[in-house]
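Worksheet for the structure shown next.
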There are 2 protein chains.
Amino acid sequence: MARTTRTYDHFCMLARALEQVGDRWTLLAVRDLLGGPRRFTDLMGLLGGITPKTLSQRLRELESAGIVDVDREPGRREVWYRLTPAGEDLAPAVEALFVWGLRHARRPPTPGEKVHPEHLLKALRILLDQTTAPRHPLVWHIDFVDDGAYTLAYDGDTWTLTNRLTDTTPDITITTSRDAWTRHLMTPAPDRPSAPAGVELAGDRRAIEQFKRLLAHFPDIDG
Amino acid sequence: MARTTRTYDHFCMLARALEQVGDRWTLLAVRDLLGGPRRFTDLMGLLGGITPKTLSQRLRELESAGIVDVDREPGRREVWYRLTPAGEDLAPAVEALFVWGLRHARRPPTPGEKVHPEHLLKALRILLDQTTAPRHPLVWHIDFVDDGAYTLAYDGDTWTLTNRLTDTTPDITITTSRDAWTRHLMTPAPDRPSAPAGVELAGDRRAIEQFKRLLAHFPDIDG
DNA sequence: CTGGATCCATGATGATACTG
DNA sequence: CAGTATCATCATGGATCCAG
């Protein structure tokens, strides 16, 4: 009896969930789609070592599970993948695993390990959500000259990461490169230079001070 | 270059977490260990179709990841597996996936699907945690004549499931069988008989009413 | 009986190249 | 840009066997 998809044959909702998102690469694809719609090659880049075959297979599985919507318009080359509401609902699970990794699987990047600034920003967002509660809303624009631009915003309740610059006027704008940003964030906070090379901070003096204060214990989630 | 364990080679804490717990069966083993220490064969039973080879491999991986502690005492036949504190910290992630499954992957049990009462109880615990807040602490004993016994308790803040009968005096005691309990819980609440066959409820009249009321919308997590 | 190990078959994934 | 095609390798499942 040829089984079309691998199942656990348990009547358990965790098993059911893992049948949908438990395959290798699947939750990493969801992680990258949580930032907003992406094209196939965007995902290829973010997912590092995945092969196109595996990625297209995963995307089809996610589509048929109702987790991803595919946007193909005739006459347009690009295909955009976006999460459905059911896909967005995976955010708490992805985040819980992320938090666990931050606590229990944190190691400096090994040589040859792909460091993508978006994933650092995601870790930062989660950490901010768990450790701080600023008094007022905040908007930070982070512009990677060699990669893309992101908005990290606090709405008075939670922090949000968006993979583009929002229309809102930012409190600060960070202009940097992937390497400089990675180097800056991976430097233990006490050792960080106040004017790090390759990281330009623009904005109000107090907003910049607040930014540095809020980043002060990244990436230590404890204490 | 022979890679001993499969990695993603991403500097991302979600990828790191999934390298530890992302393999097939791993989170299901953690799920079953969250209830308390278990022996190899307990896990074999709870995990349904896993082969001993895969289970022992997963347990060794979990042990070397610091998620599971193995208790081998000389002169004792059994080997007990238990979660370390790092393993217990997986509870939020397991639960978030469970909740997602409850919302988005709920289907009645298909014929041939193993139904373990413990997993139903776990779903019930999560649901109670998300939907109710009784005024006072509660202790329910559930005794399966053909399987084992569990305690579902509310301490004034959260619900806990334990895979044995605790010493506390229970508010109610349910004596049932795997089949009868499954049949009862899988019947839509409005159709449940007030004196279901094979499910004996013992205890104070008001406690029994409360029990029925609290189970009234299982397994619907929404609304 | 518990806690595995071993052998083999098969399916899932990876590397590389190529195409509409 | 968005994938397929082909081939090689690895992980998993099924069955069986074994030692304490």
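Naming: A, B, ... by sequence-line order, numbering from 1 per chain.
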Which donor-acceptor pairs under 3.5 Å do the side chains of residues 61-71 of chain A make with protein atoms, sequence neighbours left out?
from  : atom 1 : to    : atom 2 : distance (Å)
A:E61 : OE1    : A:R58 : NH1    : 3.4
A:E61 : OE2    : A:Q57 : NE2    : 3.4
A:S64 : OG     : A:E61 : O      : 3.3

- Query: Would you say the side-chain atoms of B:R31 and B:H119 include a donor-acceptor pair closer than 3.5 Å?
  - Reply: yes

- Between the axis at one end of the helix from C:dC1-D:dG20 to C:dG20-D:dC1 and the axis at the other (five pairs apiece), what's the angle to 10 degrees? 40°

- Query: To the nearest Å, how far apart are A:D23 CG and D:dA11 P?
  - Reply: 15 Å

- Item | Rounded distance (Å) that lies between atom C1' of C:dT2 and atom CZ of B:R72 | 12 Å

Distances for protein N or O near nucleotides 15-20 of chain D N or O, under 3.5 Å:
from   : atom 1 : to    : atom 2 : distance (Å)
D:dG20 : N2     : B:R77 : NH2    : 2.3

- Tell me yes or no: between the side chains of B:E118 and B:Y150, is some donor less than 3.5 Å from an acceptor? yes

- Task: Identify whether any heavy atom of A:R76 sits under 4.0 Å from a base atom; if not, whether one sits that close to sugar-phosphate; answer base, sugar-phosphate or nothing.
- Result: nothing

- Whole-Å distance separating the CH2 atom of A:W80 from the P atom of D:dG3: 13 Å

- Query: Tell me the salt bridge (charged side-chain N to carboxylate O under 4.0 Å, His left out) pairs involving residues 83-95 of chain B, sequence neighbours left out?
  - Reply: B:E95-B:R125

- Message: If the condition is side chain to side chain contact (heavy atoms under 4.5 Å, CB included), which residues does A:D157 pass it with, not counting sequence neighbours?
- Response: A:D155

- In Å, rounded to the nearest 0.5 Å, how long is the span from CG of B:L161 to OG1 of B:T151? 8.0 Å

- Message: I'd like to check the side chain to side chain contact (heavy atoms under 4.5 Å, CB included) partners of B:P196; sequence neighbours left out, ordered by chain and number.
- Response: B:H184, B:P193, B:V199

- Rounded off to whole Å, could you give me the CG-to-P distance for the A:L55 and D:dA5 pair? 16 Å

- Task: Give a yes/no answer on whether the side chain of A:S56 brings an N or O atom under 4.0 Å of OP1 or OP2 in D:dG3.
- Result: no

- Query: With sequence neighbours left out, which residue pairs that include part of residues 179-189 of chain B fulfil the salt bridge (charged side-chain N to carboxylate O under 4.0 Å, His left out) condition?
  - Reply: none

- Would one find a side-chain N or O of B:Y81 under 4.0 angstrom from OP1 or OP2 of C:dG4? yes

- Roughly how many Å is it from CD in A:E73 to P in D:dA2, rounded to a whole number? 13 Å

- Query: Taking DNA chain C as the partner, which of residues 57-67 of chain A come within under 4.0 angstrom of it by heavy atom?
  - Reply: A:Q57, A:R58

- Task: Check DNA chain C against residues 24-45 of chain A and give the residues with a non-hydrogen atom under 4.0 Å, in numerical order.
- Result: A:R24, A:W25

- Message: I need the CD1-P distance between B:I50 and D:dG14, as an integer number of Å.
- Response: 11 Å

- Message: Filter on ring pair (Phe, Tyr, Trp, His ring centres under 6.0 Å), then keep only pairs touching residues 158-177 of chain B, sequence neighbours left out; what's left?
- Response: B:W140-B:W159, B:Y154-B:W159

- Item | For B:P188, side chain to side chain contact (heavy atoms under 4.5 Å, CB included) partners two or more places apart | B:P190, B:D191

- Face-on cation placement of B:R24 at A:Y8 ring, 6.0 Å and 45° thresholds: yes

Counting only pairs under 3.5 Å, give me each side-chain donor-acceptor contact of residues 166-173 of chain A, with atom names and distances, residues two or more places apart or in other chains.
from   : atom 1 : to     : atom 2 : distance (Å)
A:T166 : OG1    : A:H141 : NE2    : 3.4
A:T166 : OG1    : A:T168 : OG1    : 3.3
A:D171 : OD2    : A:V139 : N      : 2.7

